[in-house]
4 protein chains.
Amino acid sequence: MENSMSRVRIPKQKRGQETKRQIIETGLKLFSEKGYYRTNSKDIAEAADVAIGSFYAYFRDKKMLFIEILQEHFELISACLNKINFEDVMKMDNGRELISAIVENVIKAHEISPEFHREIDIAKNSDPDVDRLVSEYEKKILQNTVKMLHQYKEKIRVKDIEAAAVIVNMAVEETVHIIKFTKPNVNEMQLKNELIDMISRYLFTI
Amino acid sequence: MENSMSRVRIPKQKRGQETKRQIIETGLKLFSEKGYYRTNSKDIAEAADVAIGSFYAYFRDKKMLFIEILQEHFELISACLNKINFEDVMKMDNGRELISAIVENVIKAHEISPEFHREIDIAKNSDPDVDRLVSEYEKKILQNTVKMLHQYKEKIRVKDIEAAAVIVNMAVEETVHIIKFTKPNVNEMQLKNELIDMISRYLFTI
Amino acid sequence: MENSMSRVRIPKQKRGQETKRQIIETGLKLFSEKGYYRTNSKDIAEAADVAIGSFYAYFRDKKMLFIEILQEHFELISACLNKINFEDVMKMDNGRELISAIVENVIKAHEISPEFHREIDIAKNSDPDVDRLVSEYEKKILQNTVKMLHQYKEKIRVKDIEAAAVIVNMAVEETVHIIKFTKPNVNEMQLKNELIDMISRYLFTI
Amino acid sequence: MENSMSRVRIPKQKRGQETKRQIIETGLKLFSEKGYYRTNSKDIAEAADVAIGSFYAYFRDKKMLFIEILQEHFELISACLNKINFEDVMKMDNGRELISAIVENVIKAHEISPEFHREIDIAKNSDPDVDRLVSEYEKKILQNTVKMLHQYKEKIRVKDIEAAAVIVNMAVEETVHIIKFTKPNVNEMQLKNELIDMISRYLFTI
DNA sequence: GATGAATGAGGTTTCATTCAT
DNA sequence: CATGAATGAAACCTCATTCAT
């Protein structure tokens with residue numbers, strides 16, 4: 001009850017770091033495959049080839065594991081999104097090329113465990129801590145888009161750049177989602193093209 | 001699992017029908033509020049002011065309740081979406097007006113428990129039965145859009161109508177989702193306008 | 001988390017009352033035999049011939065069971081202690097007889113699960129809720145003694161009646177404890193006599 | 001369980017002795033503060049600033065630590081109790097003075113971690129090894145009192161000296177206990193006086 | 001000697017579901 | 001038809017103890 005502080009182990013030795021890594025990796029895998037609620041700590045520990053005690057040594061509970069995976073995931077995605085070279089992009093005088101680059105980049109970002117990405121939405125709703133985290137991240141992503149559109153301002157015909165950013169982000173995100181999870185009769189290439197068309201025509205007078 | 005003569009009761013008397021209705025209504029409410037996994041049958045029964053025994057008299061299990069609610073939900077949405085008078089719409093020679101009408105209609109459709117709609121995505125992933133159901137429904141909705149775009153074909157500049165339908169549907173759906181759940185700094189009107197702009201410019205050479 | 005209120009079942013049907021009784025009775029038995037910390041809910045449920053689920057239907061947790069048993073125990077003891085007929089006792093002009101009657105009465109009271117009584121002390125220390133409860137009860141018992149001594153005031157040579165009550169109560173309590181648990185070489189009768197002697201000589205000039 | 005060549009380390013170097021001492025000290029502190037069952041080995045090791053491995057190097061298990069502390073505690077108390085100079089005491093021809101000296105001495109003895117003393121009773125019940133140990137110690141203390149009363153025999157009016165010793169010991173012990181743990185409305189001085197009065201009047205015809 | 005990561009038995013608790021009344 | 005008590009599998013989590021470094 002009045003417990004001796006935070007109880008979670010911070011691994012100092014290499015062995016401990018590996019164990020924690022194992023659990024995180026396995027957690028990501030299982031959450032992605034079966035969803036948060038249908039995955040339990042025992043399953044994760046077993047699949048990670050680790051005793052259940054170790055699970056609770058490194059993570060206060062299942063939720064905390066999820067949150068750590070979440071943070072890591074966001075960092076990876078951010079890193080990936082930031083790889084885009086704005087200097088280069090801004091030099092493109094063809095708007096469609098810009099959009100294409102962006103879309104391509106987001107798709108690449110989502111290649112990092114797209115299944116997990118889907119879980120995030122679920123968790124967001126069931127836990128305020130997760131919600132806060134995700135919202136923060138989303139805000140950051142949005143800011144990024146806003147900034148980009150701003151730099152391209154004179155070529156863009158949309159007035160409300162904030163709103164445009166929201167719409168564009170959403171469209172890209174969801175198309176990726178469709179490509180990854182819904183297997184529509186429509187093929188990936190086609191879909192991507194239409195998306196790029198839609199956004200380009202929306203932003204630029206071509 | 002699904003033995004032919006399953007124990008579910010089909011209510012014939014008015015009392016039974018009311019009991020079942022109560023459970024469905026309450027289930028919808030609680031699933032929407034707290035999510036499928038965080039809502040338990042006892043809570044539903046209690047909130048519906050019904051004995052837990054009655055719950056299991058009318059529904060094989062929790063999942064079956066969800067599925068029944070799902071079906072009802074789809075029927076309601078479909079009914080709502082179909083209210084749009086295509087004859088009228090087709091007469092509009094302004095494309096933007098068409099899109100506007102459609103968007104407005106989808107928003108209206110989503111006014112029917114938007115929270116529950118969100119739950120659907122989650123459930124889809126965790127259960128194949130639900131997945132099948134939802135996919136079928138989504139296909140129907142998509143067909144609808146395809147049909148509509150077809151009728152407007154000569155005015156549309158997009159070649160691949162199937163893909164366009166997917167994109168358009170997605171964009172509308174998700175914007176509604178954003179409006180209902182994410183409270184962005186951008187206001188609803190603005191967002192709706194941008195959406196309509198985007199789709200119009202995408203489909204029509206204005 | 002934000003749970004539907006108090007969760008504990010209040011048995012309305014006879015069956016439920018019996019189940020709850022069973023658990024209480026078995027809990028008392030096991031706590032007495034093995035001590036609070038060495039008794040677990042599963043053991044209690046099993047010994048009570050009841051599913052573990054039923055245990056948690058009627059008691060929030062092990063502690064709550066303990067507290068309910070505690071309260072019941074106090075009520076029984078109180079009832080027993082109150083059976084002493086003060087009218088009669090006060091008529092005794094022999095002080096030793098008075099003390100004897102009181103001691104006899106306390107012993108009788110402790111015949112009600114003396115083992116459990118011992119557990120109380122333990123629990124008192126490990127839980128503030130229990131502590132509060134026990135302290136209240138002890139205060140009541142003390143008041144009773146104070147009242148009694150007051151009524152006998154003119155025959156008593158002790159000035160500080162409050163302190164005397166504390167001392168007397170303690171002596172009686174502990175002697176009973178010794179008789180029940182420590183098996184000294186000294187026999188019960190002897191011990192009781194010495195106790196009565198000690199208290200009589202303390203209170204009265206014989 | 002207790003295999004001959006048990007794995008416990010007997011510290012020979014100064015460092016080892018210090019480590020063991022640390023653990024004993026910290027164990028005493030934590031057992032006293034939170035009770036045996038609510039104190040766990042990891043907490044002790046941590047608070048003692050020692051690795052959990054060291055704990056189990058010096059003590060077979062948690063119980064063994066408790067027992068070692070117990071033994072040490074008894075030795076300290078005994079040493080303290082024996083400091084009383086019987087030659088001197090026996091010269092007192094005032095019985096009250098004798099009792100006063102004894103009580104004072106016991107109180108001093110209990111100043112040595114009174115909290116731990118309370119834990120002893122608990123442990124006694126839950127473990128036969130502890131029970132044996134404590135009983136032996138109690139017997140020794142009792143013998144001491146018996147011896148003392150014997151030496152004062154001609155001045156004492158009680159016949160059964162054994163029984164008297166039990167009663168007297170109990171009364172002193174428990175009063176100390178009350179003084180240390182129950183904070184009654186009655187003050188310490190008062191209580192001590194009443195205790196001395198009670199015992200004196202019991203033993204001597206004053 | 002000292003360290004702390006790892007273990008897993010066993011305790012606590014929840015909840016979907018059954019069934020006697 | 002309705003009721004709610006009972007069930008127990010399975011989730012969650014703790015902690016005494018071992019052992020490789």
Side-chain angles (χ1 to χ4, degrees), chain A residues 3 7 9-20 37 39-43 45 49-63, chain B residues 7 9 11-13 15-16 18-20 37 39-46 50-63, chain C residues 3 7 9-20 37-43 45 49-63, chain D residues 7 9 11-13 15-20 37 39-46 50-63:
Chain A
N3 255 348
R7 230 72 280 244
R9 178 141 85 218
I10 288 116
K12 285 158 192 175
Q13 301 174 10
K14 210 192 312 154
R15 186 158 59 125
Q17 269 154 20
E18 273 160 19
T19 302
K20 186 165 179 181
Y37 284 105
T39 303
N40 60 287
S41 43
K42 198 158 162 276
D43 286 352
D49 219 14
V50 141
I52 186 66
S54 296
F55 183 101
Y56 284 96
Y58 290 109
F59 304 96
R60 181 150 45 67
D61 51 25
K62 201 174 83 167
K63 191 179 110 182
Chain B
R7 335 227 102 258
R9 187 183 305 163
K12 289 170 184 167
Q13 299 177 15
R15 182 157 62 129
E18 272 159 19
T19 301
K20 185 164 180 183
Y37 284 104
T39 304
N40 59 311
S41 41
K42 198 157 163 284
D43 282 354
I44 298 174
E46 242 157 51
V50 142
I52 185 66
S54 297
F55 184 105
Y56 283 92
Y58 291 111
F59 304 96
R60 178 148 49 68
D61 51 27
K62 201 173 99 168
K63 193 179 105 185
Chain C
N3 255 346
R7 230 73 279 242
R9 180 141 83 216
I10 288 117
K12 286 159 191 174
Q13 301 174 9
K14 211 190 314 152
R15 185 158 61 125
Q17 270 154 18
E18 274 160 18
T19 301
K20 187 165 179 183
Y37 283 104
R38 310 205 309 160
T39 304
N40 60 287
S41 44
K42 199 157 160 277
D43 286 352
D49 219 14
V50 142
I52 186 64
S54 296
F55 184 101
Y56 285 93
Y58 290 110
F59 304 96
R60 181 150 45 69
D61 51 25
K62 199 173 84 166
K63 191 180 111 182
Chain D
R7 335 227 102 257
R9 184 177 331 169
K12 289 171 185 168
Q13 299 175 16
R15 181 157 63 128
Q17 268 154 20
E18 271 161 19
T19 301
K20 186 164 178 182
Y37 284 104
T39 303
N40 57 312
S41 41
K42 197 156 166 283
D43 282 354
I44 297 173
E46 241 157 52
V50 141
I52 186 66
S54 297
F55 184 104
Y56 283 92
Y58 291 110
F59 303 96
R60 179 148 45 71
D61 51 26
K62 201 173 97 169
K63 193 179 105 183

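FYI, side chains are in, hydrogens and waters are out, and symmetry mates aren't considered; it's all heavy atoms of this structure. Labels below follow one simple rule: chain letters A, B, ... track the order of the sequence lines, proteins then strands, and each chain is numbered from 1.
In this structure, E:dA20 forms a base pair with F:dT3, meeting either the Watson-Crick or the G-U wobble geometry with both donor-acceptor distances under 3.5 Å. The base-pairing partner of F:dA11, taking Watson-Crick or G-U wobble contacts with both distances under 3.5 Å, is E:dT12.
Between the OH atom in A:Tyr37 and the OG1 atom in A:Thr39 there is a gap of 12.0 Å [rounded to 0.5 Å]. Rounded to the nearest 0.5 Å, atoms OH (C:Tyr58) and OG1 (C:Thr19) are 5.0 Å apart. Here the CD1 atom belonging to C:Ile52 is positioned 8.0 Å from the CG atom belonging to C:Asn40, to the nearest 0.5 angstrom. Atom CZ of B:Arg9 and atom OH of B:Tyr56 lie 14.5 Å apart (nearest 0.5 Å).
Atom CZ in D:Phe59 sits roughly 15 Å away from atom P in F:dT18 (whole-Å rounding). Taking atom CD1 of residue A:Ile10 and atom C1' of nucleotide E:dA5, one finds them 14 Å apart after rounding to whole Å. Regarding C:Arg38, its CZ atom lies at a distance of 14 Å from the P atom of E:dT12, rounded to whole Å. Remark: C1' of E:dA16 and CG of B:Asp43 are 12 Å apart, rounded to the nearest angstrom. Rounded to whole Å, atom P of F:dG4 lies 14 Å from atom CD of C:Gln17. The separation between A:Asp61 atom CG and E:dT12 atom P is 20 Å, rounded to whole Å. Remark: P of E:dC15 and CD of B:Glu46 are 12 Å apart, rounded to the nearest angstrom. At whole-Å resolution of the value, NZ in C:Lys20 and P in F:dA5 are 11 Å apart.
Within 4.0 Å of D:Pro11, counting heavy atoms only, lie sugar-phosphate atoms of the nucleic acid but no base atom.
In the set E:dA16, E:dT13, E:dT17, the nucleotide with an atom closest to the side chain of B:Asn40 is E:dA16. The side chain of B:Arg9 lies closest to F:dC1, out of F:dC13, F:dC1, E:dT7. Comparing atom distances between the B:Tyr56 side chain and each of E:dT17, E:dA5, F:dT14 picks out E:dT17 as nearest.
Closest-nucleotide positions on DNA chain E for A:Ala51 and C:Ile52 were compared, and the one nearer the 5' end corresponds to A:Ala51. Nearest-nucleotide positions on DNA chain F for A:Lys42 and C:Ser54 put C:Ser54 closer to the 5' end. Looking at which nucleotide of DNA chain F each of D:Gly53 and C:Tyr58 is closest to, the 5′-most match is held by C:Tyr58. Looking at which nucleotide of DNA chain E each of C:Lys62 and B:Tyr37 is closest to, the 5′-most match is held by C:Lys62.
Within the 4.0 Å cut-off from OP1 or OP2 of E:dC15, not a single side-chain nitrogen or oxygen of B:Ser41 is found.
For F:dT21 and E:dG1, the C1' atoms lie 13 Å apart once the distance is rounded to whole Å.
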Steps toward side-chain contact (heavy atoms from CB on, under 4.5 Å) verdict (D:Lys20, D:Phe59) = CA-CA 9 Å; D:Lys20 186 164 178 182; D:Phe59 303 96; 3.8 Å; yes

